[in-house]
**Q** 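Mind having a look at this structure? Questions to follow.
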2 protein chains.
Amino acid sequence: MNSLSDPFEATENERLAQIYTAAAELFCEKGFDGTSMSAVAEMVGITKAGIYHFIPGGKKDLLFAIMSYGLDRLDTHVITPAHAIPDAEERLRSIINNHVRLITSGSKTGGHNPVTIVVEEVGGLSPTHRRKIDQRKRVYVELIRDTLKQLKQDGKLQAVDETVAAFSLLGIILWISRWYDPDGRLSAEQVADEIMKLALGSLLRPQTQQAHH
Amino acid sequence: MNSLSDPFEATENERLAQIYTAAAELFCEKGFDGTSMSAVAEMVGITKAGIYHFIPGGKKDLLFAIMSYGLDRLDTHVITPAHAIPDAEERLRSIINNHVRLITSGSKTGGHNPVTIVVEEVGGLSPTHRRKIDQRKRVYVELIRDTLKQLKQDGKLQAVDETVAAFSLLGIILWISRWYDPDGRLSAEQVADEIMKLALGSLLRPQTQQAHH
DNA sequence: GTAGCCTGACCAACCGGTCAGTAGTGTGGT
DNA sequence: ACCACACTACTGACCGGTTGGTCAGGCTAC
């Protein structure tokens, strides 16, 4: 997707990784329009002109790169593992668990992570970039919806609309970053367990629910 | 709350109502920082200086007024009716139903409504205004959580954490405005029904669930 | 020497906000 | 009937400051 592979964790191109990390943090904190290039530069420790030496495309390309990275993380940690699971119920459990942990673990590393930025700030993208981002998001939604449809074919799904159920599940998960406090009463594991209980409780038919360890 | 009562529906002070409506639409569309005063003025049909004749407090006060109006709508359509219902299960049904309909009906009137703006853009407020908005939001969360606690005392609640459940319910509802299409396959009533099914399915214990007409 | 990294000075455009002034409208006095 | 006054609604010009972005050149390191 990006010309550079995983810029956030690169050991070479250290400056580039610093820029992406700083921009991601500031975009999450103050929003895309509320963050200036000078602010990003200051956090990295160089001049604004220095930023444009590494990011020739400017601010919009920065946003696109960060969103792409967030979706890359979703791909590797949630979507790809899910594709390897044939059983629908097991796949749904995997999706919920991995996505919740992706968000809660991200908020532990000093605030916000690039995974949550993808949701908002789509307006700051160029039409071409926006189409790419939107399509990747749609792929994820369809993964969830297809899993629910398969669950229905297996006779395990309650009498609910799959589309509404898929979006509701997404709403629960994406909302976590707004209220979860890693130093609070509940650990990330507890939150993941509770979300799992809630989601499966409303989706699976009672007789098919079974305890999981 | 505001020095002017319900500026969005006032027949007098027509210009003021126009300004609030235009600003709410633009803030939802492009974000607070992404919207300029000139843009608001242009949509209303007057000059930027003309805006400051009606909104002496400037941009921040505009945002605060719009958020307050959104919370006013939540108060009158969701919170106040809920307080009148002593039974916890019935009260929960009322909250879900009214809040979902408030959001779906709002998106029918030409895009976004001020109810959804309250969630984001809190960073644009002054500390004093932010405290007021945050406190009103907290009141609503506690209404839901208290209702769940009472449900637990009644023995109707499944074995779930009330806080996580309350936030998850909020996540489902607030996320609706991001995907609901009033011209789409599902009507507002159908969406409300589906959400109700999903939410109650994960919260109420099976033996206590009963069909509602 | 030359290639990559980075700076300081600079640019037009735009930001939120101010202000003097004006057109129109109604009011009161005579 | 007429004028003087006041008030509201609004404009156009303008302010200092900041924005995203550029560019010529300097400083290393190989």
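Residue numbers begin at 1 in each chain, while the letters A, B, ... track the order of the sequences.
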**Q** For the atom pair CZ (B:R15) and CD1 (B:I19), what is the distance rounded to the nearest 0.5 Å?
**A** 7.5 Å
**Q** Considering the terminal five base pairs at each end of the helix from C:dG1-D:dC30 to C:dT30-D:dA1, what angle separates the two local helix axes, rounded to 10°?
**A** 10°
**Q** Is the count of non-hydrogen atoms from other residues, nucleotides or ligands lying under 6.0 Å from A:E42 atom CD greater than 12?
**A** no
**Q** Nearest 0.5 Å, please: how far is OG1 in A:T35 from CZ in A:F27?
**A**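 Between A:F27 CZ and A:T35 OG1, I get 5.5 Å after rounding to 0.5 Å.
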**Q** Determine the interplanar angle of the A:F64 and A:H129 rings, folded into 0 to 90°, and report it as parallel if under 30°, tilted if 30 to 60°, perpendicular if over 60°.
**A**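 Parallel: the ring planes of A:F64 and A:H129 meet at under 30°.
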**Q** Check the distance between C:dG16's C1' and B:M37's CE and give it to me in whole angstrom.
**A**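 From B:M37 CE to C:dG16 C1': 8 Å.
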**Q** Give the rounded distance in Å between these two atoms: CD of A:E42 and P of C:dC6.
**A** 17 Å
**Q** What do the steps show when you test B:R101 against B:E189 for salt bridge (charged side-chain N to carboxylate O under 4.0 Å, His left out), and what is the final call?
**A** CA-CA 8 Å; B:R101 278 160 200 272; B:E189 284 73 21; 3.6 Å; yes
**Q** Taking atom CZ of B:R178 as the centre, does the number of heavy atoms from other residues, nucleotides or ligands within less than 6.0 Å exceed 12?
**A**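 Yes, CZ of B:R178 has more than 12 neighbouring heavy atoms, counting only those of other groups under 6.0 Å.
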**Q** Students should find this one: the first and last nucleotides of DNA chain D, 5' to 3', lying under 4.0 Å from a heavy atom of chain B. What are they?
**A** D:dA9 to D:dG12
**Q** Would you call A:K30 and B:D33 a salt bridge, taking side-chain N to carboxylate O under 4.0 Å as the test?
**A** no
**Q** Quick check on B:K152: does its NZ atom have over 12 non-hydrogen neighbours (other residues, nucleotides or ligands) under 6.0 Å away?
**A**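 Check fails, neighbour count at 12 or below.
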**Q** Closest heavy-atom contact between A:Y180 and A:L186?
**A**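 Here A:Y180 and A:L186 meet closest at CE1-O, 3.6 Å.
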**Q** Just to be sure I understand the geometry, which residues of residues 43-55 of chain B put a non-hydrogen atom under 4.0 Å away from DNA chain D?
**A**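 Contacts with DNA chain D under 4.0 Å: B:I46, B:T47, B:A49, B:G50, B:H53, B:F54.
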**Q** Are side-chain heavy atoms of B:F167 and A:I172 found at a separation under 4.5 Å?
**A** no
